[in-house]
Amino acid sequence: MSEPTPNAVKLLYFAWVREKIGRTEEICDLPQGIATIGELIAWLKTRGPGYEDAFQRPAVIRAAIDQVHVKPATAISGAREIAFFPPVTGG
Amino acid sequence: MSEPTPNAVKLLYFAWVREKIGRTEEICDLPQGIATIGELIAWLKTRGPGYEDAFQRPAVIRAAIDQVHVKPATAISGAREIAFFPPVTGG
Amino acid sequence: MAVRVQAQDFDVTAEISALTRGHLGIGAVVTFTGLVRGESQGETLTSMTLEHYPGMTEAELARVEAEALERWPLAASLIVHRIGTLNPGDNIVLVVTASPHRHAAIEAAAFLMDYLKSRAPFWKKETTASGAGTWVDARDGDAAALDRWKHPSKASE
Amino acid sequence: MAVRVQAQDFDVTAEISALTRGHLGIGAVVTFTGLVRGESQGETLTSMTLEHYPGMTEAELARVEAEALERWPLAASLIVHRIGTLNPGDNIVLVVTASPHRHAAIEAAAFLMDYLKSRAPFWKKETTASGAGTWVDARDGDAAALDRWKHPSKASE
């Protein structure tokens, strides 16, 4: 896998988000104008039926930037790795 | 050891109460007029220096009748076995 | 649903296995183990001896356990308390609670320890490096710990 | 002071021994073990698979543990969480806390479980007798359990 370019970010998907999208991770070149997690979700949703299904209810989607939990309003600038997943159910 | 007579009761002592009195248990013929645990303690205290030492602070003496915790005011009539001991410190 | 008073040590894993085997409704197991500490009020402890009231001890532990079973939906529980002479680091007491969900198991274990400490007829005598044997005093904190179980609305928080 | 994510089982006695050996200030050890239950919403469970986020899981567990160490005077603590496919009755998670006195160990163990459940990136998929695989939904009760730690005066009761 090649190193991400400065504008690129690694996206990871877990549990049913992963299953619906059909992939574990990908390197994405994000278009200009996407500043927050919420905006990134809205953009991902337009990328195909799997994405649309995975992100149809943003309220049940959780996100992490560089392995730290974040909110939908959190800015993504500088992120190397962004993960999307359902509410956690460990323990 | 012979069976207690109807007026007799088995007394047991534990921890420093046992050490001060110098015995583990005894069968006692109680004099008339001793109705409660508190009265029994007051009488026991008169039976010698060891007893006086053991029962000098009744507030730190705990008692059980037939293996159930009781209060100083509890009546002793019908008791087969009465135990005296310091506050418990297990666990 | 068992209480034992014994001189020998216990094995936590073995006790959990024996208690939970075949009970597939159990989702949470809590254990509390009490250990002999190496010092007492600044002095080095060399050993601790536990005296008890045979018969009443078992009866009182069973009453304490029955009370926990009335308050929480436990699938299984166990109290093991050692007697005799123990060394620093040795196990003294084990409480195990098992239930479908975790909060019942945790609260019941805390309750069992608080009640056991205030009601089960055991007495500890500590021997320190200086050779003196001292009966341990009951702690005020233990009575306070007990009080919180008398207010169900607070205890269940 | 350790967290581990592993496929293999754990042994509670061995983990307690490793954690407490040589620490003679420890008077209380609490363990919480989470187990796979045999049914889910009335259906018989045949297996459960745990997915996680490698890297973040360990980081998040370490953050949760650090928070417990800030709040309670713990002498030692451990979190072990299993991943992969497990069967009913199998161990899922182990939390161990050790402290001089019992209340700190009990409260810290409860806190660790509540925080771990709400923050550590694990996801459970259940397979039932009918063959269906279903992702487990997060429970509302877990969020409520978390809230109580935000009011120190209540949590310490």
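To find a chain, count down the sequence lines: A is the first, B the second, and so on, and within it residues start at 1. Quick caveat: nothing in here was measured; it's all calculated off a predicted structure.
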Residues of residues 111-128 of chain C with a heavy atom under 4.5 Å from any heavy atom of chain B, in residue-number order, are C/M113, C/L116, C/K117, C/S118, C/R119, C/A120, C/P121, C/F122, C/W123, C/K124, C/K125
C/W135: which residues meet the side-chain hydrogen bond (donor to acceptor under 3.5 Å, both in side chains) condition with it, sequence neighbours left out?
B/E19
Within residues 31-70 of chain C, residues adjacent to chain B where the heavy-atom gap is under 4.5 Å:
C/E51, C/H52, C/Y53, C/P54, C/G55, C/M56, C/E60, C/R63
If you tally heavy-atom pairs under 4.5 Å against chain B, which of C/R139, C/H81, C/R82 wins?
C/H81
If contact means a heavy atom pair closer than 4.5 Å, which residues of residues 83-91 of chain B contact chain C?
B/A83, B/F85, B/P86, B/P87, B/V88, B/T89, B/G90, B/G91
Please classify the contact of B/R62 with chain C as side chain, backbone, both or neither, using a heavy-atom distance under 4.5 Å.
neither
Quick check on B/V60 against chain C: is it the side chain, the backbone, both or neither that has a heavy atom closer than 4.5 Å?
neither
How long is the gap from OG1 on C/T134 to CH2 on B/W16, to the nearest 0.5 Å?
14.0 Å
